[in-house]
Protein chains: 4
Amino acid sequence: MARIVKAPEERRAEIVETADRLFREHGYAKCSVEMIIREIGVAKGTFYYYFKSKPDILEAIVDKTLAQIVESAKGIADEPSLTAMQKMEALLGNSHIGDDGSLEVAEMLHLPENRELHELTNIQTVLQLSPILAQIVEQGVGESVFEVDRPLETIQFLFTGAQFLTDGSMFGFSETELRARRLVMQTIIEKALGAKPGSFDFMNPIRTVE
Amino acid sequence: MARIVKAPEERRAEIVETADRLFREHGYAKCSVEMIIREIGVAKGTFYYYFKSKPDILEAIVDKTLAQIVESAKGIADEPSLTAMQKMEALLGNSHIGDDGSLEVAEMLHLPENRELHELTNIQTVLQLSPILAQIVEQGVGESVFEVDRPLETIQFLFTGAQFLTDGSMFGFSETELRARRLVMQTIIEKALGAKPGSFDFMNPIRTVE
Amino acid sequence: MARIVKAPEERRAEIVETADRLFREHGYAKCSVEMIIREIGVAKGTFYYYFKSKPDILEAIVDKTLAQIVESAKGIADEPSLTAMQKMEALLGNSHIGDDGSLEVAEMLHLPENRELHELTNIQTVLQLSPILAQIVEQGVGESVFEVDRPLETIQFLFTGAQFLTDGSMFGFSETELRARRLVMQTIIEKALGAKPGSFDFMNPIRTVE
Amino acid sequence: MARIVKAPEERRAEIVETADRLFREHGYAKCSVEMIIREIGVAKGTFYYYFKSKPDILEAIVDKTLAQIVESAKGIADEPSLTAMQKMEALLGNSHIGDDGSLEVAEMLHLPENRELHELTNIQTVLQLSPILAQIVEQGVGESVFEVDRPLETIQFLFTGAQFLTDGSMFGFSETELRARRLVMQTIIEKALGAKPGSFDFMNPIRTVE
DNA sequence: GATGAATGAGAATTCATTCAT
DNA sequence: TATGAATGAATTCTCATTCAT
């Protein structure tokens with residue numbers, strides 16, 4: 001077959017992205033290395049030139065995804081000019097203001113169809129993201145917009161609970177049902193953080209136009 | 001080998017139970033049909049006489065487990081002499097009063113090491129159990145001990161969030177950490193349901209004696 | 001493909017024998033499991049039903065071969081009515097009297113084309129057979145036909161040296177050359193054991209007819 | 001990577017030596033081309049620029065090794081001022097007089113952990129070295145220190161037998177056992193060559209000091 | 001001369017499933 | 001009902017070799 005040489009980082013990224021997509025579509029276990037390389041149009045050896053095993057690329061995907069999310073979250077959390085509520089909105093809102101293609105935290109809630117990747121990413125996300133959010137919550141407590149005893153564990157519970165949106169989406173719930181779930185989530189978050197009702201309205205924007 | 005004939009239901013149940021246990025121990029994917037039949041001491045053909053495929057027995061296990069849980073939950077929910085709080089305690093407490101070996105709802109939160117089964121059961125549990133609990137919540141609203149707008153979705157969120165205990169346990173958190181998480185969970189539940197602080201104390205019993 | 005069921009021992013023996021032959025013909029490394037099963041006409045799974053890995057069957061072959069040889073050698077060594085020289089002749093002669101298809105010790109010198117099997121078998125043969133022969137040598141010392149200080153190590157050296165016939169045969173030496181080598185071997189054996197010249201003539205029978 | 005240009009012979013020699021060492025350490029089959037080039041810090045293409053295949057370099061190694069040994073052996077054998085016994089001692093003793101890093105014949109008996117190389121070298125050594133030694137034996141016959149009929153085949157047998165030291169060392173025999181084997185070897189050599197007992201004492205030097 | 005990304009034919013192994021007995 | 005030998009497609013991974021740069 002025609003041999004197409006690419007810059008190593010490019011090729012590597014190409015494989016990671018393709019694997020990422022296929023793992024999300026079909027699941028890690030059901031997606032063979034064969035599928036990945038056929039999709040890209042490279043030889044099997046090429047895959048193993050860049051990754052020493054199948055689990056290895058899973059790790060690479062998780063790392064990549066997490067790095068993006070954590071970085072973007074840290075950027076916001078460390079912004080000195082923003083209030084806690086503004087930071088929350090920036091992180092959890094569906095705003096996509098100045099969308100540059102980077103992953104939003106909120107998108108983690110709409111994720112995948114598969115187990116290994118799903119869980120690995122979710123658990124790691126919870127573990128790595130919760131301290132950042134907890135720090136914002138503490139700021140909010142200082143600003144008297146939140147009232148919580150244990151910010152970290154509270155955030156962790158809420159994060160995990162948020163998965164019920166994702167898990168629910170596996171069953172093909174209707175848009176109406178999903179909207180109801182999103183509203184409830186907002187309410188519980190507000191209550192759990194001791195925030196004023198409606199302060200997290202940005203999570204459920206009123207879409208006047210479709 | 002000696003051919004041991006058993007009543008079909010007995011044999012079937014034996015296979016389901018063994019598979020259930022092994023799936024929980026090693027995970028569905030890593031547990032081969034071979035392992036199951038060797039454990040029981042039965043031939044491959046026997047397995048396929050009772051179940052037409054491996055996914056087939058997974059379903060059987062989920063069905064069986066859920067049926068037990070749902071039945072026990074329904075029994076409590078339909079008890080006319082109990083208050084909503086009493087029902088909550090009966091379902092979520094670690095009481096084990098009159099322990100007859102049957103699965104408690106609370107145990108669902110301390111579940112397994114594996115994915116397919118874990119998730120399948122959890123999702124189904126959430127879906128099938130949440131209406132029952134929602135009904136109790138509504139009773140509680142009538143009794144003025146709860147105050148919630150959308151009992152069903154709220155329950156579903158809380159159920160999913162409860163998994164952060166399970167997921168956390170996969171990381172070998174310490175007993176102290178787990179206790180902190182349990183306390184936070186209680187607080188959020190109370191806030192989400194609009195219950196009086198401390199009303200779900202039964203979830204975190206004070207263990208005076210070791 | 002047509003499914004032909006056989007008695008397990010029969011099938012197992014069939015696989016061992018075929019593998020044995022192919023390993024000797026092409027060498028262990030160059031002989032794939034695929035080759036073996038194609039030769040027999042069974043499925044790959046069948047191979048792995050009987051042997052858990054490729055090294056596993058190598059061991060089975062060595063074991064089988066050695067067991068046969070050691071057994072036949074022990075039978076002769078323990079025969080109380082024979083002199084040491086008669087035992088030597090029985091073991092090392094090319095007599096094939098009453099040939100029953102079983103492996104003769106002498107045949108070990110005409111063995112294989114491959115490494116792993118060759119070496120494994122040879123080393124094991126030397127280790128397991130040398131004590132038996134050493135015991136005969138001691139008997140011979142008692143009967144004043146031999147005179148050696150260290151029967152065991154002497155036997156081991158001679159055994160290893162005998163491989164030069166085998167190794168030589170890898171280069172396709174002529175019959176004349178091989179005969180010369182056999183004669184020299186006889187001489188050295190006699191000298192090493194302190195035996196009378198010509199007492200090991202049975203190793204180089206005069207073939208009047210072809 | 002930095003491209004380091006070297007004189008062709010130097011580069012070639014570097015590859016041969018590295019491969020030689022790695023083959024001896026890990027075995028020919030288990031040692032990939034990758035390992036070799038990584039060790040040197042050179043690209044794959046470079047390897048294939050100098051050697052057209054993996055078997056090709058094996059041959060190069062054997063050739064190089066043999067050339068060294070044969071040359072050093074010839075040098076001794078052709079020395080007109082030495083007696084046959086002196087030549088034997090020079091070749092087989094552990095003397096290392098004037099050690100210049102070159103391979104001694106005696107070291108061939110203590111050789112490697114691997115098969116392909118081991119056997120190839122040994123067989124070739126036997127074939128190429130035996131005529132040289134045989135010539136010395138003949139000189140010794142003339143000097144009345146040896147008495148043999150067929151020097152060449154005798155030498156070949158003894159060479160092969162000597163491998164039992166090497167093979168034995170694969171089993172981790174103790175120093176005591178190895179010493180016993182070395183003594184026996186000496187005895188057999190003396191007997192086979194018709195030499196006076198003790199004339200090959202140089203093979204088993206008495207080590208008074210540690 | 002040198003690089004190293006890319007190739008692809010195999011290799012060993014697994015395991016859900018079938019079927020003759 | 002039960003057995004267990006037999007199946008074979010699929011999977012992961014290796015590595016000698018090639019070739020565009």
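If you're wondering where the values come from, they're calculated on a predicted model, not measured in any experiment. Numbers restart at 1 for each chain; the letters A, B, ... are given by sequence-line order, proteins then strands.
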>> If you only use heavy atoms from C-beta on, which nucleotide in F/dA6, E/dT7, E/dA6 is closest to the side chain of C/Lys6?
In response: F/dA6

> Once you round to the nearest 0.5 Å, how far does CD1 of A/Ile36 lie from CZ of A/Arg38?
Replying inline: 11.0 Å

> Nearest to the side chain of D/Val33 - F/dA6, F/dA16, E/dG10?
Replying inline: F/dA16

> Within the structure shown, what part of the strands sits under 4.0 Å from A/Ala2 by heavy-atom distance: base, sugar-phosphate, or nothing?
Replying inline: sugar-phosphate

> Which dot-bracket notation, 5' to 3', represents the base pairing of DNA chain E when pairs are defined as Watson-Crick or G-U with both distances under 3.5 Å, crossing pairs as [ ], and inter-strand pairs as |?
Replying inline: .||||||||||||||||||||

> Between F/dT14 atom P and A/Ile37 atom CD1, what is the distance in whole Å?
Replying inline: 15 Å

> For B/Tyr28, is the NZ or CZ atom of B/Lys54 found under 6.0 angstrom from the centre of its six-membered ring and inside 45 degrees of the ring axis?
Replying inline: yes

> Is D/Ser32 touching bases, backbone alone, or none of the nucleic acid, heavy atoms closer than 4.0 Å?
Replying inline: sugar-phosphate

> Listed in order of residue number, which residues of residues 50-57 of chain D have a non-hydrogen atom at under 4.0 Å from DNA chain F?
Replying inline: D/Ser53, D/Lys54

> Excluding sequence neighbours, so at least two apart, what forms salt bridge (Lys or Arg N to Asp or Glu O under 4.0 Å) with B/Asp56?
Replying inline: B/Lys52

>> Could you tell me how far apart B/Arg38 (CZ) and F/dT3 (C1') are, to the nearest whole angstrom?
In response: 16 Å

> How far does CD1 of D/Ile37 sit from OH of D/Tyr48, to the nearest 0.5 angstrom?
Replying inline: 10.0 Å

>> What is the distance, to the nearest angstrom, from the CG atom on C/Leu58 to the C1' atom on E/dA12?
In response: 15 Å

>> Measuring from atom CD1 of D/Ile61 to atom CG of D/Leu22, what distance do you get when rounded to the nearest 0.5 angstrom?
In response: 9.0 Å

> Once you round it to whole Å, what is the distance between C1' of E/dC19 and OH of B/Tyr49?
Replying inline: 15 Å

> Does the side-chain contact (heavy atoms from CB on, under 4.5 Å) test come out yes or no for A/Lys30 and A/Met35, once each step is laid out?
Replying inline: CA-CA 10 Å; A/Lys30 280 190 200 141; A/Met35 278 179 71; over 6 Å; no

>> Let's see if you can work this out: which of E/dT3, E/dT7, E/dG4 has an atom nearest to the side-chain heavy atoms of D/Lys44?
In response: E/dG4

> Given that C/Phe47 and A/Val5 both sit by DNA chain F, which one's nearest nucleotide is further toward the 5' end?
Replying inline: C/Phe47

>> Give the residues of residues 8-16 of chain C touching DNA chain F, defined as any heavy atom closer than 4.0 Å, sorted by residue number.
In response: C/Pro8, C/Arg11

> What residues, two or more places apart in sequence or in another chain, satisfy side-chain hydrogen bond (donor to acceptor under 3.5 Å, both in side chains) together with D/Lys64?
Replying inline: D/Asp20

>> Taking the side chain as everything from C-beta on, heavy atoms only, tell me whether C/Phe51 gets closer than 4.5 Å to C/Val16.
In response: yes

> To the nearest 0.5 Å, how far apart are OG in D/Ser53 and CD in D/Glu59?
Replying inline: 8.5 Å

>> One thing to verify: whether D/Glu14 and D/Arg11 come together as a salt bridge, which I'm taking to mean a side-chain N less than 4.0 angstrom from a carboxylate O.
In response: yes

>> Return whichever of A/Thr46 or C/Lys30 has its heavy-atom-nearest nucleotide of DNA chain E closer to the 5' end.
In response: A/Thr46

Show me the donor-acceptor pairs within less than 3.5 Å that the side chains of residues 39-47 of chain C make with the rest of the protein, sequence neighbours left out.
unit_1, atom_1, unit_2, atom_2, d
C/Glu39, OE2, C/Arg21, NH1, 3.3
C/Glu39, OE2, C/Arg21, NH2, 3.3
C/Lys44, NZ, C/Glu34, OE1, 3.1
C/Thr46, OG1, C/Ala43, O, 3.4

> Quick one: are D/Ile57 and D/Phe23 in side-chain contact, heavy atoms under 4.5 Å?
Replying inline: yes

>> Reading DNA chain F from 5' onward, which residue's closest nucleotide shows up sooner: A/Arg3 or A/Glu34?
In response: A/Glu34

> Counting just side-chain N and O atoms, does C/Tyr48 come under 4.0 Å of either OP1 or OP2 of E/dT14?
Replying inline: no

